[in-house]
There are 2 protein chains.
Amino acid sequence: MSARNSSETARVIPEATVARLPVYLRALTALSESGIRTCSSEELATAAGVNSAKLRKDLSYLGSYGTRGVGYDVEYLRYQIAREIGVTQDWPVVIVGIGNLGHALANYSGFRSRGFRVVALLDADPERHDELVAGVAVQPFDDLESIVEEHGVAIGVIATPALAAQNVADRMVAAGISSILNFAPAVLTVPEGVDVRKVDLSIELQILAYHEQRKAHGAQGSLPDGVADGVPEVTEAAL
Amino acid sequence: MSARNSSETARVIPEATVARLPVYLRALTALSESGIRTCSSEELATAAGVNSAKLRKDLSYLGSYGTRGVGYDVEYLRYQIAREIGVTQDWPVVIVGIGNLGHALANYSGFRSRGFRVVALLDADPERHDELVAGVAVQPFDDLESIVEEHGVAIGVIATPALAAQNVADRMVAAGISSILNFAPAVLTVPEGVDVRKVDLSIELQILAYHEQRKAHGAQGSLPDGVADGVPEVTEAAL
DNA sequence: TAGATTGTTAATCGATTAACAATC
DNA sequence: TAGATTGTTAATCGATTAACAATC
C-alpha cells in the first residue's frame with residue numbers, strides 16, 4: 001500500500017492534464033458499460049472530445065498502460081486513472097448554503113457515484129434546519145467544526161450568497177478543510193496550501209456572450225433584443 | 001453605432017483574457033458600489049484575485065483606458081469591459097431540463113442582473129409543464145424552435161440528464177442557437193461555429209480530490225474513510 | 001513478418017511574469 | 001519637477017500538436 005506504482009518516481013502531472021483525467025475516466029466508464037473491452041487512443045480521444053495526440057501525451061504522465069499495436073484495456077486504464085485521481089477512495093464532503101443551488105447539489109447523484117459522499121448539509125438560517133434534502137437533514141452552520149472532525153472532511157462546497165462566502169471559507173479552513181469548491185460569485189482569500197476551485201454560472205454565460213457578439217460579426221449586424229450601445233449604464237447586482 | 005472604438009483595429013483578445021474580463025467586471029461593480037471612483041491596477045487586481053501585471057496585460061488588449069500616474073476611472077473602465085464582453089445588451093436565454101439544477105438556474109438572480117434574460121424554461125416531461133419556476137411557466141421541449149425564433153435566442157442552457165443532452169444540443173443548433181452552456185455530464189458534438197462551454201460539478205470535485213490526495217502527502221499518510229487501494233473496482237454511474 | 005498503435009520527441013503556440021520606459 | 005502608475009516589451013514558462021521510432 002505504500003508504493004502506488006511499480007516504477008514510483010515523483011511524477012509531476014501538468015494541471016491541464018489533471019483537469020482532463022476525470023473526462024477520460026467518464027469516457028472509459030461509458031465504453032466499459034457498453035461492453036467494450038479494448039480501445040485505441042483514437043477511439044478514447046473521440047469519446048472524450050479531445051485529439052488522440054493530447055490523450056496519449058496525457059496518459060504518458062501516468063505511466064505506460066497501453067499496448068503498442070493493440071490499444072488500451074478499458075477496465076485496467078479506468079482503474080489506473082481512478083487511482084491517480086484518488087476516487088478509488090471515498091471523499092466525505094460538506095455542502096454549506098442550502099438554497100436552490102445547494103438543493104440541486106445535494107440531490108446530484110453524480111457525486112455519490114464518483115467517489116464523493118455528502119456527509120452534511122449546513123445552513124446559517126434556522127428556518128432551514130431539520131429539513132430533509134436528499135435524505136440528509138440540514139444542520140446549523142455552527143456544527144461545521146464538529147462534523148469536519150468527526151468525518152475527516154477535506155472537501156467543502158460553498159453554495160451561499162456572495163457576501164457569506166469568505167466567512168464560510170475562513171471557518172472551513174480553520175476547521176481543517178483544505179479543498180473548496182466555490183459556487184458563490186466572490187473572490188475567496190485562503191492560506192497557502194488550500195485549494196479553491198470556482199464555478200461561476202454568470203461568468204460562463206458572459207464568455208459565451210463575448211463570442212456570440214463577435215459571431216454576429218463585429219460592429220455591424222443584427223444585435224439581439226435590447227441593444228444599448230453607447231449608453232454608459234450597466235447595472236450589476238451584488239449577488 | 002458602427003465603429004465600437006475610435007481606433008478600431010480588429011482586436012484579437014486571447015481566450016485566457018476573455019475568461020477573466022467578467023471577473024474584472026464584477027470587481028469593478030463591487031468597487032463602484034462601495035463608492036470608489038478611481039483605482040490602480042494593483043487595487044483592481046487584488047479585488048479580482050489576479051496579479052497586477054496580468055491585469056494590465058489583459059486590459060491592454062481592450063485599449064488604453066487608464067491614466068498613467070493615476071489609475072483607472074472605475075465607471076468608465078466598467079462600461080468599456082461590459083461593452084467588450086457584450087453585456088451592455090440583453091441576451092435572451094432558454095433553459096432546457098427543469099430538474100433540481102434547472103430550478104436553481106431559473107432562480108439564479110445573477111443571470112438577470114448580468115445581461116441575461118431567461119425567456120423560456122423547457123422540459124420534455126409533461127408532468128412538469130405549466131409549473132411556475134421563478135415566475136416562468138415550464139413549456140414543452142417541442143416549443144424550442146418557435147421560442148428561439150420569436151425571441152431571437154442565441155444562447156441555450158442544457159440542464160438535462162446526460163443521455164438527453166446530445167439530442168437537446170442538436171435541436172438547439174438546428175433552431176439557430178450558436179452558444180451552449182452544458183451542465184450535463186456528456187461530451188457534445190456540435191458543428192463548427194457553435195460554442196459549447198461545459199460546467200461539470202463532479203469533474204471539479206475530482207480535480208480537488210487529486211490535489212487533496214497529494215497533500216496528505218503522496219503514498220503514505222492518513223487517507224480518509226474508505227480507502228480501497230489495490231482493489232481494481234470502481235463504479236461510476238451513467239449520469 | 002507486416003500492420004497497427006503506442007509512447008516520446010521536438011517544434012510550435014499561447015499564457016504568464018517581471019521589468020521598465022512612457023507619461024500623467 | 002518628482003512621484004506614481006500605466007502600457008508594453010521581452011523573457012520565461014507551460015500546453016498543444018505533429019511526426020515517428022519503438023514495439024506489440
Side-chain angles (χ1 to χ4, degrees), chain A residues 5-7 9 11-24 27-28 31 36-78 80-81 84 207 210-211, chain B residues 5-7 9 11-24 27-28 31 36-78 80-81 84 207 210-211:
Chain A
N5 199 323
S6 43
S7 59
T9 24
R11 293 153 294 157
V12 178
I13 301 183
E15 262 310 299
T17 297
V18 169
R20 282 187 296 264
L21 291 180
V23 180
Y24 302 152
L28 284 163
L31 290 177
I36 292 165
R37 293 306 190 80
T38 288
C39 67
S40 66
S41 63
E42 192 63 42
E43 289 164 332
L44 180 54
T46 300
V50 301
N51 69 53
S52 66
K54 191 186 278 182
L55 172 77
R56 288 199 303 277
K57 184 81 171 133
D58 283 341
L59 294 185
S60 76
Y61 292 111
L62 312 194
S64 280
Y65 295 135
T67 306
R68 288 168 203 239
V70 178
Y72 302 92
D73 179 286
V74 171
E75 280 305 315
Y76 180 65
L77 182 57
R78 181 168 79 120
Q80 293 303 335
I81 293 178
E84 189 68 40
I207 296 170
Y210 171 84
H211 293 296
Chain B
N5 199 323
S6 43
S7 59
T9 25
R11 292 153 296 158
V12 179
I13 301 184
E15 262 309 299
T17 297
V18 169
R20 282 187 295 265
L21 291 181
V23 180
Y24 303 153
L28 285 163
L31 290 176
I36 293 166
R37 294 305 190 79
T38 288
C39 68
S40 65
S41 63
E42 191 63 41
E43 289 163 332
L44 180 54
T46 300
V50 302
N51 69 54
S52 65
K54 191 185 280 181
L55 173 76
R56 288 198 302 277
K57 185 80 173 130
D58 283 341
L59 294 184
S60 76
Y61 293 111
L62 311 194
S64 280
Y65 296 136
T67 308
R68 290 168 202 239
V70 178
Y72 301 91
D73 180 285
V74 171
E75 280 306 315
Y76 181 65
L77 182 58
R78 182 169 77 119
Q80 293 303 335
I81 292 177
E84 189 68 39
I207 296 169
Y210 172 84
H211 293 295

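Here is how names work: the chains are called A, B, and so on, in the same order as the sequence lines, proteins then strands, and each is numbered from 1.
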Rounded to whole angstrom units, what separation is found between the [atom1] atom of [X] and the [atom2] atom of [N]?
X       : N      : atom1 : atom2 : answer
A:Tyr65 : D:dT23 : OH    : C1'   : 19 Å
A:Lys54 : C:dT12 : NZ    : C1'   : 14 Å
A:Ile13 : D:dG14 : CD1   : P     : 15 Å
B:Asp58 : D:dT8  : CG    : P     : 13 Å
A:Asp73 : C:dT6  : CG    : P     : 13 Å
B:Lys57 : C:dG14 : NZ    : C1'   : 11 Å
A:Tyr72 : C:dT5  : OH    : C1'   : 9 Å
B:Glu42 : D:dT6  : CD    : P     : 9 Å

In terms of the nearest nucleotide of DNA chain D, which residue is placed more toward the 5' end: B:Arg56 or A:Val70?
->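 Its nucleotide being nearer the 5' end, the pick is B:Arg56.
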More 5' along DNA chain D: A:Gly69 or A:Ala16, using each one's nearest nucleotide?
->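 The 5'-side residue here is A:Ala16.
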Quick one: which of [options] gets closest to the side chain of [X]?
X       : options                : value
B:Ser41 : D:dT6, D:dT9, C:dT9    : D:dT6
B:Arg20 : D:dT17, C:dT16, C:dA18 : C:dT16
B:Ser64 : D:dT16, D:dA19, D:dG7  : D:dG7
B:Glu15 : C:dA15, C:dT9, D:dT6   : C:dA15
B:Ser60 : D:dA15, D:dT6, D:dT8   : D:dT8
A:Pro14 : D:dA15, D:dC20, D:dT6  : D:dA15

For [X] versus [Y], what's the shortest heavy-atom pair and its separation?
X       : Y       : value
A:Thr38 : A:Val70 : CG2-O, 4.1 Å
A:Ala48 : A:Tyr24 : CB-CD2, 3.7 Å
A:Asn51 : A:Ala45 : C-CB, 3.7 Å

So does B:Asn51 get a side-chain nitrogen or oxygen closer than 4.0 Å to the phosphate oxygens (OP1/OP2) of C:dT17?
->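 For B:Asn51, the contact criterion (side-chain N or O under 4.0 Å from OP1 or OP2 of C:dT17) is met.
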Taking a pair as Watson-Crick or G-U wobble with both distances under 3.5 Å, which nucleotide is matched to D:dA21?
->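 Paired with C:dT6.
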Pairing partner (Watson-Crick or G-U wobble, both distances under 3.5 angstrom) of D:dT12 | C:dA15
Base of C:dG7 paired with side chain of A:Arg68 (donor-acceptor, under 3.5 Å) |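 Between C:dG7 and A:Arg68, which were checked side chain against base, a qualifying N/O pair under 3.5 Å is absent.
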Would you check if A:Asp58 and A:Val50 make a side-chain contact, meaning some heavy-atom pair closer than 4.5 Å?
-> no
Value rounded to 0.5 Å, distance of OG1 in A:Thr17 from OH in B:Tyr210 = 9.0 Å
